[in-house]
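See below for the structure under consideration.
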Amino acid sequence: QVQLVESGGGLVQAGGSLRLSCAASGRPFGSYAMGWFRQAPGKEREFVSAISRSGGSTSYADSVKGRFTISRDNAKNTVYLQMNSLKPEDTAVYYCAATVSSPMSTIESRYNHWGQGTQVTVSS
């Protein structure tokens with residue numbers, strides 16, 4: 001089992017930046033591929049970004065490509081999501097997730113473990 005705790009959310013103006021962190025505890029962190037998802041009010045949860053166990057491969061939703069960067073530090077058991085050039089449509093609760101059953105996935109159902117989420121609000 002792994003426990004995931006997100007932090008770093010908050011209120012920011014459009015064009016600003018935030019860095020989300022997700023700290024993991026439990027099973028060795030390097031055995032998990034990690035992902036970030038988000039859920040806006042009244043909408044389904046959607047994929048944002050994913051990173052492989054080693055950090056050598058990443059994937060992004062088209063809506064965030066070029067603005068968001070995912071990274072991980074396996075020594076610190078933490079995955080990050082650097083979000084730049086934020087837009088009001090990025091407003092959502094952001095969740096990190098972990099999977100041992102897939103090298104890296106954009107599919108929500110492939111993830112076994114989820115954090116509690118952190119709110120990101122971007123004002124116009």
Side-chain angles (χ1 to χ4, degrees):
Q1 289 287 349
V2 65
Q3 291 76 46
L4 304 173
V5 179
E6 302 97 335
S7 61
L11 173 64
V12 64
Q13 288 188 332
S17 298
L18 284 174
R19 187 175 82 154
L20 304 184
S21 299
C22 175
S25 60
R27 184 170 175 166
F29 185 61
S31 63
Y32 291 93
M34 301 296 296
W36 286 97
F37 291 76
R38 67 186 181 187
Q39 187 168 21
K43 294 188 177 182
E44 297 290 319
R45 190 156 55 185
E46 64 176 3
F47 168 76
V48 175
S49 184
I51 190 166
S52 62
R53 295 182 182 96
S54 67
S57 297
T58 58
S59 179
Y60 297 93
D62 288 343
S63 58
V64 306
K65 203 170 291 183
R67 300 187 298 122
F68 290 11
T69 303
I70 191 171
S71 62
R72 67 189 295 163
D73 185 336
N74 285 352
K76 294 183 178 180
N77 293 351
T78 303
V79 62
Y80 305 97
L81 186 67
Q82 178 67 44
M83 306 186 295
N84 298 331
S85 302
L86 282 161
K87 305 175 181 180
E89 51 264 44
D90 294 318
T91 295
V93 177
Y94 283 72
Y95 299 89
C96 74
T99 178
V100 294
S101 59
S102 179
M104 182 177 69
S105 180
T106 64
I107 301 171
E108 183 177 342
S109 61
R110 298 273 175 90
Y111 288 84
N112 318 101
H113 307 281
W114 293 83
Q116 83 289 348
T118 186
Q119 176 71 47
V120 171
T121 303
V122 184
S123 64
S124 56

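Given the structure is predicted, the values throughout are model-derived calculations rather than measurements.
More than 12 heavy atoms of other residues, nucleotides or ligands shown are found within 6.0 angstrom of CZ on Arg67. Within a 6.0 Å sphere centred on NZ of Lys65, other residues, nucleotides and ligands contribute more than 12 heavy atoms.
Panel note: side chain Arg72, backbone Thr78; no donor-acceptor pair is recorded below 3.5 Å. The backbone N or O of Val100 lies less than 3.5 Å from a partner atom in the side chain of Asn112, making a donor-acceptor pair.
The aromatic rings of Phe68 and Tyr94 sit tilted, their planes meeting at an angle between 30° and 60°.
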| query | Where do Phe37 and Tyr111 land on the ring-ring contact (aromatic ring centres under 6.0 Å, His included) test, with the steps shown first? | reply | CA-CA 11 Å; Phe37 291 76; Tyr111 288 84; 5.2 Å; yes
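Taking the ring centre of Tyr95 as origin, the terminal cationic atom of Arg45 falls inside the region bounded by 6.0 Å and 45° from the ring axis. Cation-pi geometry between Arg19 and Tyr80 is met: the NZ or CZ atom falls under 6.0 Å from the ring centre, inside 45° of the normal.
Residue Arg38 forms a salt bridge (Lys or Arg N to Asp or Glu O under 4.0 Å) with just one option from Glu46, Glu108, Glu6, and that option is Glu46.
The hydrophobic clustering, which links ILVMFWY residues whose side-chain heavy atoms are closer than 4.5 Å, places Phe47 and Met83 apart.
Under 4.0 Å is where a charged nitrogen must lie from a carboxylate oxygen, and between Asp90 and Lys87 no such pair does.
Side-chain atoms of Ser17 and Asn84 include a donor-acceptor pair closer than 3.5 Å.
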